[in-house]
Amino acid sequence: MKQSKIHNLLRGGGLPVALIPLALQAGYILSVWRWAPLDAFSPVYAVLALFAAIAVAWVSRKAPMRFSPWGALPLLLGLGGCLFFTHVQSIHFPYLICAIAVIAGWVWAAFGWEWCWRLTPAWLLLTLCLPSVPFELQHRMSLLGLTFGGAWLQAIAGAIVICAVFPATQWLPVPPAKALLFAGLLALCTLGLTLRFKPVQTGTPAFLAIEDYRRAGWEGHRFDLTDFDRTFFGDNDAIRATYIKNRQTVGVLAISLKGSIHQIHRPDVCLRSGGYAIDRYEADLFPLSGGGSLSGVLMEIARPGEHALVLTWFASPECSIGHYMAFRWRWNQADGWWSYIVQTPILFNDRAAAEKLLLEFIETFRKDPGSKE
């Protein structure tokens with residue numbers, strides 16, 4: 001009798017509790033759906049996830065429901081720790097993945113592992129609706145030298161879930177929960193070890209005196225921010241400027257990262273939001289003639305009528321970092337971080353000349369971390 005009451009309480013009152021982690025990020029998700037062009041179709045997958053859950057409930061309506069809170073407890077405890085850690089570090093995507101997994105864990109505890117497994121299509125479609133999924137899919141493919149639109153890759157993944165994963169989870173034997181959890185834990189450990197033995201290189205501090213609009217023959221002009229810029233950058237101060245010297249042009253976007261970490265975006269996301277395709281992506285250390293090396297990311301970008309080279313990095317008084325996630329680990333609001341995107345056209349397909357010009361510009365405008373320029 002007592003167990004029956006606990007079971008009913010878990011089924012009836014457990015869902016609102018399981019939804020809390022995801023609900024806490026609802027504002028962020030809706031904001032990205034509204035403002036990020038690459039995520040324009042992401043809400044569709046949230047709707048598809050709901051329909052998939054309804055379809056599973058109908059197809060599997062005769063499947064047994066087993067009360068198994070102890071089986072799901074290790075997963076839920078582990079997810080609680082991951083949620084706390086990713087929330088403290090303000091790392092959105094892993095947090096949201098854990099939030100979806102918490103809902104799956106509640107289904108496992110309240111209705112049994114079989115129902116949790118059968119709802120896999122809904123969990124995957126819900127993952128596809130998360131912010132930045134189209135960008136991440138497109139970015140990973142570009143690292144392999146393949147060019148596909150993020151929305152198309154998202155659609156292909158959704159089609160695979162509906163056409164292949166749904167039938168497989170409904171009509172094939174249900175795999176043991178322990179085997180899947182062990183495989184997932186092994187994959188996470190492998191990923192962790194890979195990252196552990198591939199440390200990200202940091203460079204010397206590299207701040208730019210971009211508000212000095214005349215230096216060494218360069219003439220600069222600052223542009224007013226648009227309404228979209230103000231929304232996109234939030235509480236962070238941004239400066240857009242163009243510099244000209246001997247008919248050579250360099251554009252600069254500098255952002256003082258003093259606002260919320262949630263309003264800080266990957267430079268390649270900013271570029272894709274501006275309609276650019278990224279043809280080449282190279283993270284490296286770039287030697288500076290004044291001493292030291294700049295840790296940055298060099299990207300070759302293009303859109304109709306425009307072909308350019310871009311160098312991006314994050315700078316603090318201690319170092320420069322090109323890798324976005326490495327920056328996120330080190331970021332502290334009080335440290336005085338800046339983000340730089342420096343861009344110049346590639347003329348006559350001479351990429352080397354464009355790279356040389358960017359580095360010369362950085363050398364010219366580079367200032368000491370403690371300088372008040």
Side-chain angles (χ1 to χ4, degrees), residues 139 142-143 147 203-226 228-229 232-233 238-257 265-315 320-324 327 338-367 373:
H139 177 62
S142 69
L143 294 179
T147 304
T204 51
F207 292 97
L208 300 183
I210 55 171
E211 293 188 88
D212 183 356
Y213 297 111
R214 290 187 178 183
R215 180 178 286 204
W218 287 96
E219 294 282 342
H221 175 72
R222 181 172 177 172
F223 295 95
D224 293 334
L225 297 178
T226 65
F228 177 81
D229 288 334
F232 193 75
F233 299 126
I239 300 173
R240 286 189 185 275
T242 297
Y243 298 81
I244 300 175
K245 179 182 178 181
N246 299 329
R247 297 184 179 180
Q248 294 176 310
T249 304
V250 172
V252 179
L253 172 62
I255 308 166
S256 175
L257 307 178
H265 310 280
R266 290 172 54 154
D268 35 6
V269 170
C270 297
L271 291 167
R272 292 189 192 278
S273 297
Y276 288 101
I278 298 177
D279 296 331
R280 292 182 66 177
Y281 182 100
E282 302 171 11
D284 206 347
L285 287 174
F286 301 91
L288 300 172
S289 60
S293 298
L294 169 69
S295 174
V297 173
L298 194 65
M299 291 178 279
E300 190 172 331
I301 64 174
R303 65 182 179 185
E306 193 172 353
H307 184 206
L309 195 67
V310 175
L311 185 57
T312 74
W313 72 97
F314 299 93
S320 60
I321 301 176
H323 194 277
Y324 176 75
F327 150 72
W338 281 74
S339 170
Y340 294 98
I341 300 178
V342 182
Q343 173 178 335
T344 191
I346 297 177
L347 303 176
F348 309 110
N349 289 322
D350 193 344
R351 186 176 181 274
E355 181 177 343
K356 181 181 178 182
L357 178 65
L358 288 179
L359 292 176
E360 287 178 353
F361 176 86
I362 292 168
E363 286 283 7
T364 300
F365 284 86
R366 185 182 173 195
K367 66 178 181 180
E373 293 182 84

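Since the structure is predicted, the reported quantities are computational estimates derived from the model, not experimental observations. Values below: every heavy atom of this structure, side chains too, minus hydrogens, waters and symmetry copies.
In this structure, the side chains of L294 and R366 stay at 4.5 Å or more apart for every pair of heavy atoms. At a threshold of 4.5 Å between non-hydrogen side-chain atoms, the residues I210 and Y243 count as touching. Side-chain atoms of F361 and T344, non-hydrogen and from C-beta on, never get closer than 4.5 Å to each other. Side-chain contact check for Y340 versus P267: every heavy-atom pair is 4.5 Å or farther apart.
In terms of modelled atom types and a separation under 3.5 Å, the side chain of T242 and the main chain of G251 share no donor-acceptor contact. Without hydrogens or angle criteria, S295 side chain to G322 main chain gives a donor-acceptor distance under 3.5 Å. In this structure, W313 contributes its side chain and A206 its backbone to a donor-acceptor pair below 3.5 Å. T204 places a side-chain N or O within 3.5 Å of a backbone atom of S293 that can act as its donor or acceptor partner.
The salt bridge (charged side-chain N to carboxylate O under 4.0 Å, His left out) analysis of residues 239-248, with sequence neighbours excluded, yields the pairs D229-R240. Applying the side chain to side chain donor-acceptor pair (under 3.5 Å) definition to pairs two or more places apart or across chains, those involving residues 352-365 are S289-E363.
A search for side-chain contact (heavy atoms from CB on, under 4.5 Å) contacts involving Q248 returns L357, not counting sequence neighbours.
Considering every non-hydrogen atom in both A354 and I346, the closest pair reads CB-CG1, 4.1 Å.
Going from atom CD of E282 over to atom CD of E300 covers 8.5 Å, rounded to the nearest 0.5 Å. For the atom pair Q343 CD and E306 CD, the distance stands at 5.5 Å (nearest 0.5 Å). If you take CD1 on I341 and CE on M299, they are separated by 6.5 Å, rounding to the nearest 0.5 Å. In this structure, CD1 on I362 lies 7.0 Å from CG on L288, to the nearest 0.5 angstrom.
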Take F286 and L358 through the side-chain contact (heavy atoms from CB on, under 4.5 Å) test and state the conclusion after the steps.
CA-CA 11 Å; F286 301 91; L358 288 179; over 6 Å; no
